[in-house]
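What follows is a short report on a single structure.
Both counts, for ligands and for their atoms, begin at 1 and track the order of listing.
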Amino acid sequence: MIGLLEHWLPEQRWFAGRGRERGPIRVVSRTPVAKVRGDAEVELVLLEIDISVGGTPTVQRYQLWLGWHPWLPQILDHARIGSAGNWTAYDALHDSEVSALLLQHLAAGAVVGDLRFEPEPGTVIDTTAPGLPIGAEQSNTSIVYGQSSILKMFRRLEPGPNPDAEVHRALHAIGGKHVATPLGTLTGIVDGVDTTLGVLMTFFAGSAEGWAMATTSVRDLMAEGDLRADEVGGDFAAESLRLGKAVAEVHADLATAFGTAELTDAERAHLAAGMAESAKATALLVPEVEAALEPVLETFARFAADPTPLTVQRIHGDLHLGQTLRVLVGGWAILDFEGEPAKPLAYRRALYSPLKDIAGMLRSFDYAAHHSLVGRAPDGQHQYRATEWARRNRAAFCEGYASVAGSDPRDHPAVLAAFELDKAVYEVAYEYGHRPAWVPIPLQAINRLITSNGGRS
Ligand SMILES: Nc1ncnc2c1ncn2[C@@H]1O[C@H](COP(=O)(O)OP(=O)(O)O)[C@@H](O)[C@H]1O
Ligand SMILES: O=P(O)(O)O[C@H]1O[C@H](CO)[C@@H](O[C@H]2O[C@H](CO)[C@@H](O)[C@H](O)[C@H]2O)[C@H](O)[C@H]1O
């Protein structure tokens, strides 16, 4: 089995060890779950791999739902992993019989070995809808059941409760707006600790993804050589404004649900030191970050010395346009409160300034504006248009946020610039590991941020 996985795992979109030194895959446990399709056996396999990040050894853990079939049906060919003896292994999360089984287990509160399938108290789970994995493989694999629910199976695991399940539950308990309703969780044991393996939520049927809407707007602008961002049909600024309001409301709900605190000087210094550490680790991977390291570290040092008092609270942690949905009722929904998947659990559950999320969204407007220029010959006109689009939508988002929160994020330029730079550094490492062709997007942002005074673009 290891031989098959050694070929297959590094090719998966959600594998986070790409481009890094790593040891062999270790199988930590195998839990037989069910027989499906007459002859196929399905098991949950927990894997570990030692990975070196900037010279520091870390262990990455993954869950894999593995099916073994004596003759893989054509309909599952796209999920094929490889053959061992008379059996063909496949990624069983792509098997409609397995997705149906997972939903039935959740509805029934089943226990299978160490696995606990638990419906949220008082919820009714519709088990009749067929389950299909959504096309876009992201950090995790999600299965949509008809129009009613979506099951996110976390791929990379960290022992402990997953913040996505924890935050949705807490926001739901206070009647929070703009988030899906949690319907159930799947928990297993990883390293001796209860660990969330999957979470079932209500599905926002008929919604549109913020990233798709924003990039459509950018495409419209690029196609109209003579028109300004406010003149083209697909102007997105009114949506950016509404999105800013929704994020401010979610931040207020998170503060109510989990409480707030003031960032102490020691915590600020620790945060700035963490940003500097990440930048140094990324500089070891990417020479362009090494070249910009000195001014990057100066920005983090300015943040460490900035006297602005900062209120901290639970935040989203990895907010970007791909985590937003324009829904039929209620404007915008915010998804995926997992935090940055590459960061340790304690970091993802810690309290931060909401400005960190705002910086994430500002970076995302920049991504939406510039991603269509990747791999194209430098072109002043389109660069100008991209910058214009990003500026307009970043400003609208901040205005919307300020109108609800009562304070404008742009009034804290040093803090915002540090968070944006930290995010751009994270993005360079993320793109390096997942989509190397996109590395120039955050790299250009790093260069812009270290040469501007941050904040007000
Ligand atoms: N409750 C939901 N309703 C509708 N679509 C959803 C919902 N949750 C997630 N999605 C869709 O699934 C995609 C991936 O979800 P997300 O939680 O961001 O997973 P990942 O951690 O893999 O990025 C989203 O971009 C969105 O298109
Ligand atoms: O999988 P997640 O959504 O949890 O987040 C990871 O993947 C994101 C990409 O899918 C990545 O976001 C980066 O790319 C986006 C465009 O695809 C862009 O809008 C974001 O601003 C940019 O950070 C995210 O960083 C990563 O954690």
Side-chain angles (χ1 to χ4, degrees), residues 12-16 93 132-156 162-165 167-168 171-172 178-183 196 198-215 218 243 316-330 332-343 348 356-372 374 390 393-394 397 419-420 422-435 437-443 445:
Q12 303 313 300
R13 163 76 168 80
W14 39 265
F15 178 63
L93 291 179
L132 279 179
I134 47 173
E137 284 277 340
Q138 303 196 305
S139 299
N140 301 295
T141 295
S142 295
I143 299 166
V144 174
Y145 294 95
Q147 301 275 301
S148 54
S149 61
I150 176 165
L151 172 63
K152 174 151 72 164
M153 297 296 283
F154 300 108
R155 286 294 193 164
R156 190 170 162 193
N162 187 286
D164 202 18
V167 169
H168 273 95
L171 290 182
H172 180 62
H178 308 295
V179 288
T181 303
L183 299 174
T196 321
V199 51
L200 184 74
M201 318 244 186
T202 50
F203 182 71
F204 293 108
S207 56
E209 249 193 56
W211 172 257
M213 289 174 70
T215 47
V218 173
L243 185 54
H316 180 281
D318 190 16
L319 193 56
H320 58 84
L321 284 161
Q323 315 281 34
T324 67
L325 288 181
R326 184 74 167 92
V327 292
L328 290 176
V329 180
W332 285 91
I334 310 293
L335 310 171
D336 193 2
F337 288 78
E338 230 194 310
E340 288 167 356
K343 294 276 168 52
R348 296 193 267 138
K356 185 167 154 60
D357 274 350
I358 293 163
M361 276 306 297
L362 297 183
R363 287 285 318 114
S364 202
F365 287 118
D366 181 67
Y367 252 79
H370 289 100
H371 92 288
S372 64
V374 169
N393 287 282
R394 285 159 59 103
F397 176 84
F419 281 134
E420 255 202 89
D422 180 47
K423 185 73 188 183
V425 168
Y426 165 84
E427 288 166 345
V428 170
Y430 177 86
E431 300 300 1
Y432 181 82
H434 293 86
R435 305 180 292 200
W438 286 33
V439 169
I441 305 176
L443 273 182

Problem - Test item: side-chain donor near acceptor, S139 and R156, under 3.5 Å - result: no
Handout entry: Identity and separation of the nearest protein heavy atom to atom 25 (O) of ligand 2
Key = Y426 CE2, 3.4 Å
Exercise for the section: Verify side-chain contact (heavy atoms from CB on, under 4.5 Å) between L321 and M361, making sure each step is shown before the conclusion. Expected result: CA-CA 7 Å; L321 284 161; M361 276 306 297; 3.7 Å; yes
Practice task
Provide, to 0.1 Å, the distance between atom 2 (P) of ligand 2 and the closest protein heavy atom, together with that atom's residue and name.
Solution key: S139 OG, 3.5 Å
Handout entry: Protein contact of atom 5 (O) of ligand 2 - nearest heavy atom, named by residue and atom, plus distance
Key = D318 OD2, 3.1 Å
Fill in the blank from the handout: If you scan protein heavy atoms around atom 8 (C) of ligand 2, the nearest is H320 NE2, 3.6 Å
Practice task
Indicate yes or no: at least one non-hydrogen side-chain atom of D336 is less than 4.5 angstrom from one of K152.
Solution key: yes
Handout entry: Residue D336 vicinity, atoms of ligand 2 by number, heavy atom under 4.0 Å
Key = 3 (O), 4 (O)
Problem - Gap separating the CZ atom of R326 from the CE atom of M213, nearest 0.5 angstrom - result: 6.0 Å
Exercise for the section: First locate atom CG of N140, then atom CZ of R13, and finally report the distance between them rounded to the nearest 0.5 Å. Expected result: 10.0 Å
Practice task
Consider ligand 2: state whether an atom of it lies below 4.0 angstrom from any non-hydrogen atom of R155.
Solution key: no
Problem - ligand 1 to M201 polar contact by distance, N or O atoms, under 3.5 Å - result: no
Completion exercise
When distances are taken from atom 19 (O) of ligand 2, the protein heavy atom at minimum range is S364 OG, 2.6 Å
Handout entry: Those atoms of ligand 2 less than 4.0 Å from some heavy atom in Q323
Key = 2 (P), 3 (O), 4 (O)
Practice task
Can you figure out which of L335, D318, L325, V327 has its heavy atom closest to atom 24 (C) of ligand 1?
Solution key: L335
Completion exercise
Nearest non-hydrogen protein atom to atom 7 (O) of ligand 2, with distance, is Y430 OH, 2.9 Å
Problem - Under 3.5 Å: N/O of K152 near N/O of ligand 1 - result: yes
Completion exercise
Counting heavy atoms under 4.0 Å, the part of I134 that contacts ligand 1 is side chain
Practice task
Look at ligand 2 and say whether R435 reaches it with a heavy atom at a distance under 4.0 Å.
Solution key: yes
Problem - ligand 1 versus V144: contacting region, heavy-atom distance under 4.0 Å - result: neither
Practice task
Looking only at distances, please establish whether an N/O atom of ligand 2 is found under 3.5 Å from an N/O atom of E338.
Solution key: no
Exercise for the section: Output yes when the distance from some N or O of ligand 1 to some N or O of S142 is under 3.5 Å, and no in every other case. Expected result: no
Handout entry: Within reach of ligand 1, part of N140 (heavy-atom separation under 4.0 Å)
Key = both
Exercise for the section: Check whether any heavy atom of E427 sits under 4.0 Å from an atom of ligand 2. Expected result: yes
Problem - Salt bridge present between D366 and R394 (N-O < 4.0 angstrom) - result: no
Practice task
Please round to the nearest 0.5 Å and tell me the distance separating atom CD of E338 and atom CG of D318.
Solution key: 8.5 Å
Problem - Ion pair check, K423 and D357, cut-off under 4.0 Å - result: no
Exercise for the section: Supply the atom-to-atom distance F203 CZ to L325 CG, rounded to the nearest 0.5 angstrom. Expected result: 8.0 Å
Completion exercise
If you scan protein heavy atoms around atom 10 (O) of ligand 2, the nearest is R13 NH2, 3.3 Å
Completion exercise
Quick note on ligand 2: atoms under 4.0 Å from a heavy atom of W211 include exactly 16 (C), 19 (O)
Practice task
Before signing off on this row, confirm whether T202 and ligand 1 have an N or O atom pair separated by under 3.5 Å.
Solution key: yes
Practice task
Examine S207 against ligand 1 and note whether any of their N/O atoms are separated by less than 3.5 Å.
Solution key: no
Practice task
Would you check whether F204 has a nitrogen or oxygen atom less than 3.5 angstrom from a nitrogen or oxygen atom of ligand 1?
Solution key: yes
